[in-house]
Participant: 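There's a structure below that I have some questions on.
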Amino acid sequence: MSPFAEMHARVIASLAEMQAEGALPQGLSFDAVVVEPPRDPAHGDMATNAAMVLAKPSGLNPRDIAQTLAGRLEALALVASAAVARPGFLNLRLADGVWADLVAAVRNAPDYGRSALGHGSKVNVEYVSANPTGPLHVGHTRGAVFGDALASLLEFAGYDVTREYYINDGGTQVDMLARSVYLRYLEAHGRQVEFTDDTYPGDYLVKVGQDLKDRVGDAYLDKGEQVWLADLRVFATDAMMVLIRADLAALNVEMDRFFSEKSLYGTGRIEDALAVLDARGLIYQGTLEPPKGKLPEDWEPREQTLFRSTDHGDDVDRPVKKSDGAWTYFAPDIAYHWDKVERGYDQLIDVFGADHGGYVKRMKAAVSALSDGRVPLDVKLCQLVKLTKDGEPFKMSKRAGTFVTLRDVVDEVGPDVTRFTMLTRKNDAPLEFDFARAVEQSKDNPVFYVQYAHARCRSVLRKAEGIVPRDPALDDTAEFAVARKLAEWPRVVEVAARAHEPHRIAFYLYDLAQVFHALWNRGNDRPGLRFYQESDPQATAAKISLPMAVSVVISAGLGILGVTPAEEMR
RNA sequence: GCACCCGUAGCUCAGCUGGAUAGAGUGCUCGCCUCCGAAGCGAGAGGUCGCAGGUUCAAGUCCUGCCGGGUGCACCA
């Protein structure tokens, strides 16, 4: 248990005692009471807002509440002092032994920070979900890294997580892909071909065309679409999914499930999902108002089958069937989310590119309607990635020609650097990814800085191999600073998991690395602070708990981000 | 025209889902490696948190309205 969680429990217990003794009125909610690290370390180790949040509902002066609470907490062995500060904060300073105990407890506890927050509830995280029409590009890379790290984070926080990829293999873009492969097939037979606007010109289809030739020989030559289209749709998407899976593997992303859009057609799944909405009176025939502002040239009123998404927070109702009776792209998406709801998830998360922002409300409306509001859907939008090299824009791909692929990035800097760097920004902030800076070995490269801290820990521990750690005796402020930072880890995990924001883990690791490096640097001036004491195994035994604990937390944190901790910097 | 996201130090960005004197990196200024664990270290300057109201003990954080930037806006996916 982290010191913060323990102190929180103590504070709540003390408040309950005060209630029992009549110092506080009955019927108060303690939900808003928090124990957190103060911004300014001079205020102490922890602070609680209990007195301030209880002042109003209890009708008491916050100072009086704080004073009474202070007296109770000071009686605890782990509290060195409790001081009431101006607005009504209660600042706590903990006994030195608390921090030493924490370090001793963490040094062999790889599960430190793991949380029961999720209570094993089922979460489905859908990410990447790129059209199977080509290799993954940088935008997908960010989504892949973000989604994967979020999934790991939720696992670490006690959720039962499924990582899922929705294959958009049902729409017209698959016809385009199939025709493109056909062109490459003709090419493989030595024919001259021309790629039009509605085909994919990328080199990655050359091999697919050749593979097709190897498989069917000249059977499809000079034949119409009706002969080969259906076969090529399958053949081409299968080939693309092989490509995409390999791309994901290069990034160390492993999905639990690939869900095919195509599998929804002709099976009644879409009809079933819409029947659920219909049963709730949310499906009707109607004509939409033309959009305000600029009117599309070819706009004309058409009667369509509509989903009354406005009943669930959307701005306008959305068509599920086109005027010709075919499904819109929204219909299978509804069915897919209905499938997820039926599979019993307590919570759904979709990771989209920012260009799909306009899609969020209708998707939330659909899930809300399908689950009667029981299953929350959180949609995380990932902003664009701007690629640069030494500050200069970096655009062309070696492979795809028109766009930079995931492979281009991973080949250049490796999966670890790719992943960490992608998480050094909040998901909804644009990300500048500089190839040169990403591999630079300096303090302003967070990847290196965190890896370096871990490598230093491991280096010390290799030197001290065979020495059994003793309980640490902390006495320097830099040592306490590291211990305090370690104490924050479980809180960071929970806060990040609750907010669905894995970047918080990356920033925390940077902070931890920073206080650790600071302590290391102090060892320059004060040899007594060094972890490895050449001629004094006893002293070393007392010192190495700290680097052990730090490496435990950095490993765990990097593990969440999907980054391999470095044993040494080479 | 509407919706969503963003606006914080010269620059790139954090800010723990309402807490105390708003932080980090970089850049700038000054001081530090004949020896030590310097792919650096220490110190300093730098801010009307886009603007204006509102909510309350407390607002960078929540609400409203503007300003500026990005994204998306009937049967395409």
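Letters A, B, ... are given to chains in the order of the sequence lines, protein chains preceding strands, and every chain is numbered from 1.
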Participant: Both distances below 3.5 Å, Watson-Crick or wobble geometry, any strand: find the nucleotide opposite B:rA3.
Facilitator: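 B:rA3 is paired, partner B:rU71.
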Participant: Would you classify A:Lys426 as touching base, sugar-phosphate or nothing, given that sugar-phosphate means primed atoms plus P, OP1 and OP2, and contacts are heavy atoms under 4.0 Å?
Facilitator: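 The answer is sugar-phosphate, as A:Lys426 gets under 4.0 Å only of primed atoms, P, OP1 or OP2.
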Participant: For A:Glu488, is there an ion pair with A:Arg484 - N to carboxylate O distance below 4.0 angstrom?
Facilitator: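 Salt bridge flag = no for A:Glu488 with A:Arg484.
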Participant: Could you say whether A:Glu36 or A:Lys321 is positioned toward the 5' end of RNA chain B, judged by the nucleotide with the nearest heavy atom to each?
Facilitator: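 Nearest-nucleotide comparison on RNA chain B picks A:Glu36.
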Participant: Taking only the side-chain nitrogens and oxygens of A:Lys56, find out if one of them lies under 4.0 Å from OP1 or OP2 of B:rC57.
Facilitator: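 Yes, within the criterion.
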Participant: If we take the P atom in both B:rC11 and B:rC51, what is their distance in whole Å?
Facilitator: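 Those two atoms are separated by 15 Å.
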Participant: When both hydrogen-bonding distances must be under 3.5 Å and the geometry is Watson-Crick or G-U wobble, what is B:rG40 paired with, if anything?
Facilitator: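 Checking every strand shown, B:rG40 finds its partner in B:rC32, with both distances under 3.5 Å.
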Participant: Which nucleotide in the list B:rA74, B:rG19, B:rA77 gets nearest to the side chain of A:Glu300?
Facilitator: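 Nucleotide nearest to A:Glu300's side chain: B:rA74.
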Participant: Under 4.0 Å, heavy atoms only, any strand: does A:Phe531 hit a base, just the sugar-phosphate, or nothing?
Facilitator: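 The answer is base, as A:Phe531 lies within the cut-off (heavy atoms under 4.0 Å) of a base atom.
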Participant: Classify the side-chain pair A:His337/A:Asp350 by whether it contains a donor and acceptor separated by less than 3.5 Å.
Facilitator: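 Looking only at side-chain atoms, A:Asp350 and A:His337 do form a donor-acceptor pair, the distance falling under 3.5 Å.
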Participant: Using a 4.0 Å heavy-atom cut-off across all strands, classify A:Asn91 as base, sugar-phosphate, or nothing.
Facilitator: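 Base, at least one base heavy atom under 4.0 Å.
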Participant: Whether A:His517 contacts B:rG42 is assessed here as follows: a side-chain N or O lying under 4.0 Å from the phosphate OP1 or OP2. Is that the case?
Facilitator: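 No, outside the criterion.
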Participant: Looking at the base of B:rA39, is there any donor atom on it, or on the side chain of A:Tyr452, that sits under 3.5 Å from an acceptor on the other one?
Facilitator: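 Counting by modelled atom types and ignoring angles, a donor-acceptor contact under 3.5 Å is found here.
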Participant: Over all strands shown, is A:Arg318 touching base, sugar-phosphate only, or nothing at heavy-atom distances under 4.0 angstrom?
Facilitator: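 Nothing: the residue A:Arg318, judged by heavy atoms under 4.0 Å, touches no strand.
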Participant: Can you tell me the Watson-Crick or wobble partner of B:rU26, both distances under 3.5 angstrom?
Facilitator: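 In the structure as shown, B:rU26 has B:rG10 as its Watson-Crick or wobble partner.
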Participant: Taking only Lys NZ, Arg NE, NH1 and NH2, and the carboxylate oxygens of Asp or Glu, determine whether A:Arg425 and A:Glu432 approach each other closer than 4.0 Å.
Facilitator: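 No, no charged N to carboxylate O under 4.0 Å.
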Participant: At under 4.0 Å between heavy atoms, what does A:Val174 touch on the DNA or RNA strands: base, sugar-phosphate, or nothing?
Facilitator: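 No contact.
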Participant: How is A:Gln304 classified with respect to the nucleic acid when contacts are heavy atoms under 4.0 Å: base, sugar-phosphate, or nothing?
Facilitator: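 Result for A:Gln304 = sugar-phosphate.
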Participant: Between B:rU64 and B:rU26, how far apart are the P atoms? Round to whole Å, please.
Facilitator: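 Rounded to whole Å, the distance is 39 Å.
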Participant: Could you check whether A:Pro301 gets within reach of a base, just the sugar-phosphate, or nothing at all, counting any heavy atom under 4.0 Å?
Facilitator: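 Counting heavy atoms under 4.0 Å across all strands, no contact is made by A:Pro301.
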Participant: May I ask you to say what A:Ala499 touches in the nucleic acid, namely base, sugar-phosphate or nothing, with a heavy-atom cut-off under 4.0 Å?
Facilitator: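 The residue A:Ala499 makes no contact with any strand.
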Participant: Answer yes when A:Glu501 and A:Arg504 have at least one side-chain N-carboxylate O distance shorter than 4.0 Å, and no when they do not.
Facilitator: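 A:Arg504 and A:Glu501: salt-bridged.
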Participant: If the threshold is 4.0 Å, N to carboxylate O, is there a salt bridge linking A:Lys364 and A:Asp314?
Facilitator: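 Salt bridge flag = no for A:Asp314 with A:Lys364.
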Participant: Give me syn or anti for B:rC33, where syn covers glycosidic angles within 90 degrees of 0.
Facilitator: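 Syn.
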Participant: Taking a pair as Watson-Crick or G-U wobble with both distances under 3.5 Å, which nucleotide is matched to B:rU61?
Facilitator: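 B:rU61 is paired with nothing.
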Participant: At 4.0 Å (heavy atoms only), tell me whether A:Ala429 reaches a base, stays on the sugar-phosphate, or touches nothing.
Facilitator: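 Sugar-phosphate, no base atom in range.
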Participant: Can you tell me if the side-chain N/O atoms of A:Asn524 get under 4.0 Å from OP1 or OP2 in B:rA38?
Facilitator: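 Looking at the OP1 and OP2 atoms of B:rA38, one of them is under 4.0 Å from a side-chain N or O of A:Asn524.
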Participant: Any donor-acceptor pair under 3.5 Å linking the side-chain atoms of A:Glu164 with those of A:Tyr336?
Facilitator: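 Yes, a side-chain donor-acceptor pair sits under 3.5 Å.
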Participant: Would you classify A:Tyr532 as touching base, sugar-phosphate or nothing, given that sugar-phosphate means primed atoms plus P, OP1 and OP2, and contacts are heavy atoms under 4.0 Å?
Facilitator: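 If one applies the 4.0 Å heavy-atom cut-off, A:Tyr532 turns out to touch a base.
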Participant: By nearest atom, which of the nucleotides B:rG25, B:rA74, B:rA14 is closest to the A:Gln514 side chain?
Facilitator: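 The closest nucleotide is B:rG25.
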Participant: So A:Phe507, base contact, sugar-phosphate only, or nothing? Heavy-atom distance under 4.0 Å.
Facilitator: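 A:Phe507: backbone/sugar contact only, no base atoms under 4.0 Å.
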Participant: Tell me which nucleotide, if any, is Watson-Crick or G-U wobble paired with B:rG47 when both distances must be under 3.5 Å.
Facilitator: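 Because no pair has both required distances under 3.5 Å, B:rG47 counts as unpaired.
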Participant: Using a 4.0 Å heavy-atom cut-off across all strands, classify A:Ser442 as base, sugar-phosphate, or nothing.
Facilitator: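 Result for A:Ser442 = sugar-phosphate.
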Participant: Is a donor-acceptor pair below 3.5 Å formed from side chain A:Arg491 to base B:rC16, judging by atom type as modelled?
Facilitator: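 Indeed, a donor on one side and an acceptor on the other fall under 3.5 Å apart.
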Participant: Looking at the side chain of A:Arg504, which of B:rA20, B:rG15, B:rA77 is the nearest nucleotide?
Facilitator: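 Out of B:rA20, B:rG15, B:rA77, the nucleotide with an atom closest to A:Arg504's side chain is B:rG15.
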Participant: Is the shortest distance from a Lys or Arg side-chain nitrogen in A:Asp476 or A:Arg522 to a carboxylate oxygen in the other one below 4.0 Å?
Facilitator: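 So A:Asp476 pairs with A:Arg522 through a salt bridge.
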Participant: Taking only N and O in the side chain of A:Arg362, is any of them less than 4.0 Å away from OP1 or OP2 of B:rA3?
Facilitator: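 Result: no.
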